[in-house]
Structure formats: C-alpha cells, structure tokens
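For reference, the structure discussed in these notes is given below.
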Amino acid sequence: MNFLQYPRPLADLIVALSRLPGIGPKTAGRLAFYLLQQPEAAESLAQAIREAKDTISQCSICCNFTDVDPCGICENPSRDQSILCVVEQPRDVAALEKTREFKGLYHVLHGCLSPMEGIGPDQLKVQELLRRLEGVREVVMALNPTVEGEATSLYLAKLLKPLGIMVTRIAHGLPVGGDLEYADEVTIARALEGRRQL
C-alpha cells in the first residue's frame with residue numbers, strides 16, 4: 001500500500017502497526033489516526049509496551065513469560081510436580097489455566113517443529129524440557145492439532161518414552177455447542193477416537 005500521501009512518521013507508524021498479526025493496512029491506518037487524535041491513549045500504549053518489554057522475560061524453569069523468576073506456577077508448592085503439560089506458546093498456558101482443571105506444571109516450547117521454516121529441535125525449548133524431567137511421571141502434549149503440532153508431539157514422545165515417562169495427549173474433537181454437519185472429517189475422526197464411557 002502506498003503511504004506517500006502521509007507525512008513520513010505517520011506512514012512509518014502505519015507500516016509498524018500493519019506488521020502486527022491480524023492487522024492489515026486499513027486497520028493500521030485507522031489505529032494510527034486514532035492514536036494521533038488521542039494522545040493520552042497513545043502515551044498509555046507506548047508506556048505499557050515499554051514496561052512489558054523491560055520487565056517480561058522467560059521463566060528459567062518452564063520458559064513461560066513472567067515478571068518474576070521462577071514464575072508463580074513453577075513456585076507454587078500445591079502444583080503437582082509429577083505432571084508436565086507441554087504447550088507451543090505462553091498464551092496456551094493462559095488458555096489452559098482459565099479452565100482451572102490442570103494442576104500440574106507447564107513447559108513452553110515457543111513454537112513447533114517446522115523444517116520448511118527452518119525450525120528444528122534446537123530452535124525450540126526441547127533441551128530445557130529434557131533437563132527438568134526428574135520426578136516427572138507424565139508429560140501431556142497440548143500442542144495445536146496441526147501438521148507441525150503432531151510432528152512435534154511424535155518427536156517428543158520418541159524422546160520421552162525410553163525414559164519411562166508416560167506421554168499423553170489432550171483430546172481433540174468437537175467443541176461444545178458445535179454441529180456435526182459443520183465439522184471437518186479429521187475433527188469428527190478425532191472425536192470418535194477420544195470417546196469415553198458415560
């Protein structure tokens with residue numbers, strides 16, 4: 001998109017905003033104009049970004065985002081230390097924690113294996129996972145049901161099973177309130193595989 005009609009700093013702001021996920025050039029333009037018309041909102045946003053950038057780091061144990069090290073989950077003595085849930089991204093920890101169902105610990109890989117994008121085991125937090133397995137009896141794979149997520153789950157299972165650790169996977173299937181007629185074949189097949197007795 002051509003931003004030559006805008007002053008350079010405004011064009012640079014639009015380009016920077018359009019690099020954010022899910023924000024196209026038109027939305028970036030609307031956001032840029034809003035921020036210029038609302039200086040308090042712009043300053044508040046800039047301050048929040050600076051503070052997050054300066055204070056958030058990765059937990060030295062689970063690799064989740066945190067402002068204290070180790071993070072509150074890793075330091076919580078009431079968590080089950082024998083179960084680890086492996087996720088792709090820090091936002092996945094937040095999604096699982098909302099359920100209040102999982103009582104174990106987490107490990108964040110910060111991605112999945114993707115040879116096409118040059119992402120191998122060395123680009124993920126695999127070694128950090130392997131270093132924290134003492135006393136762990138189960139590792140739950142909670143990776144997204146994508147080709148990359150499946151490949152990563154299988155790779156980690158091959159590493160962990162010889163160590164005598166049970167490797168499980170979260171169930172995949174139909175969402176609550178979903179209609180069978182609108183679900184794809186893979187989702188229905190996964191729902192059938194993961195069926196339980198009532």
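One-based numbering along the sequence shown.
- For Glu138 (side chain) and Thr168 (main-chain N/O), no donor-acceptor pair under 3.5 Å exists by modelled atom type.
- The backbone N or O of Gln89 lies less than 3.5 Å from a partner atom in the side chain of Asp92, making a donor-acceptor pair.
- Between Glu40 atom CD and Leu35 atom CG the span is 11.0 Å, to the nearest 0.5 Å.
- Linking Ile, Leu, Val, Met, Phe, Trp and Tyr whenever their side-chain heavy atoms come within less than 4.5 Å leaves Val147 and Leu143 in two separate clusters.
- Proximity of Ile14 to Leu17: side-chain heavy atoms (C-beta onward) are nowhere separated by under 4.5 Å.
- The closest donor-acceptor contact from the side chain of Thr99 to the backbone of Leu96 lies under 3.5 Å.
- Annotation: side chain of Leu105 is in contact with side chain of Gln81 (closest heavy-atom distance under 4.5 Å).
- Remark: the backbone N or O of Glu148 is paired with a side-chain donor or acceptor of Thr152 at under 3.5 angstrom.
- Between Val140 and Leu84 the shortest side-chain heavy-atom distance does not fall below 4.5 Å.
- A distance-only check finds a donor-acceptor pair linking the side chain of Asp69 to the backbone of Ser60 [under 3.5 Å].
- When all heavy atoms of Leu133 and Leu129 are compared, the closest pair comes out as CG-O, 3.4 Å.
- Side-chain contact between Met141 and Ile170: absent, with no pair of heavy atoms (C-beta onward) separated by less than 4.5 Å.
- The side-chain heavy atoms of Ile119 and Leu124, taken from C-beta on, include a pair separated by under 4.5 Å.
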Practice item. For the pair Arg79 and Asn76, evaluate side-chain contact (heavy atoms from CB on, under 4.5 Å) and give the outcome as yes or no after the intermediate values. Key: CA-CA 6 Å; Arg79 304 294 293 221; Asn76 186 340; 3.6 Å; yes
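- In this structure, Asp12 pairs ionically with Arg8, as a charged nitrogen and a carboxylate oxygen lie closer than 4.0 Å.
- Distance check: Ile23 CD1 to Arg30 CZ gives 10.0 Å after rounding to the nearest 0.5 Å.
- The shortest distance between side-chain heavy atoms of Ile83 and Arg137 falls below 4.5 Å.
- In plain terms, the two heavy atoms of Tyr106 and Glu97 that are nearest each other are OH-OE2, 2.5 Å.
- Across all non-hydrogen atoms, the minimal contact from His110 to Pro90 is CE1-CG, 3.7 Å.
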Review point. Could you walk me through whether Arg132 and Cys62 pass the side-chain contact (heavy atoms from CB on, under 4.5 Å) check?
Key: CA-CA 9 Å; Arg132 61 183 296 217; Cys62 70; 3.6 Å; yes
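- Here CZ of Arg91 is found 12.0 Å from CG of Asn64. Values are rounded to the nearest 0.5 Å.
- The two residues Gly149 and Glu88 make their nearest non-hydrogen contact at CA-OE2, 4.3 Å.
- A donor-acceptor contact shorter than 3.5 Å is absent between the side chain of Ser44 and the backbone of Ala41.
- Cluster membership for Leu109 and Leu163, using ILVMFWY side-chain heavy atoms within less than 4.5 angstrom, is shared.
- Using a 4.5 Å heavy-atom threshold, the side chains of Phe102 and Asp80 count as separate.
- Other residues, nucleotides and ligands place more than 12 heavy atoms under 6.0 Å from the CD atom of Gln38.
- Lys26 contributes atom NZ, which lies 14.0 Å from atom OG of Ser18 (distance to the nearest 0.5 angstrom).
- The shortest non-hydrogen separation linking Lys161 to Val167 is CG-CG2, 4.1 Å.
- Placement of Val87 and Leu130 within a single hydrophobic cluster is found when ILVMFWY residues are connected by side-chain heavy-atom separations under 4.5 Å, directly or transitively.
- Looking at heavy atoms from C-beta onward, Ile56 lies out of side-chain contact with Thr66 at the 4.5 angstrom threshold.
- Atom CG of Leu31 and atom CG of Leu13 lie 8.5 Å apart (nearest 0.5 Å).
- In this structure, Gln123 and Gly118 approach most closely via the heavy-atom pair OE1-O, 3.5 Å.
- Ile61 CD1 to His107 NE2: the interatomic distance, rounded to the nearest 0.5 Å, is 11.0 Å.
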Point to revise | Chi angles and distances behind the side-chain contact (heavy atoms from CB on, under 4.5 Å) call for Lys125, Val108 | key: CA-CA 7 Å; Lys125 303 295 183 181; Val108 182; over 6 Å; no
Practice item. Verify side-chain contact (heavy atoms from CB on, under 4.5 Å) between Ser82 and Val136, making sure each step is shown before the conclusion. Key: CA-CA 4 Å; Ser82 68; Val136 172; 5.8 Å; no
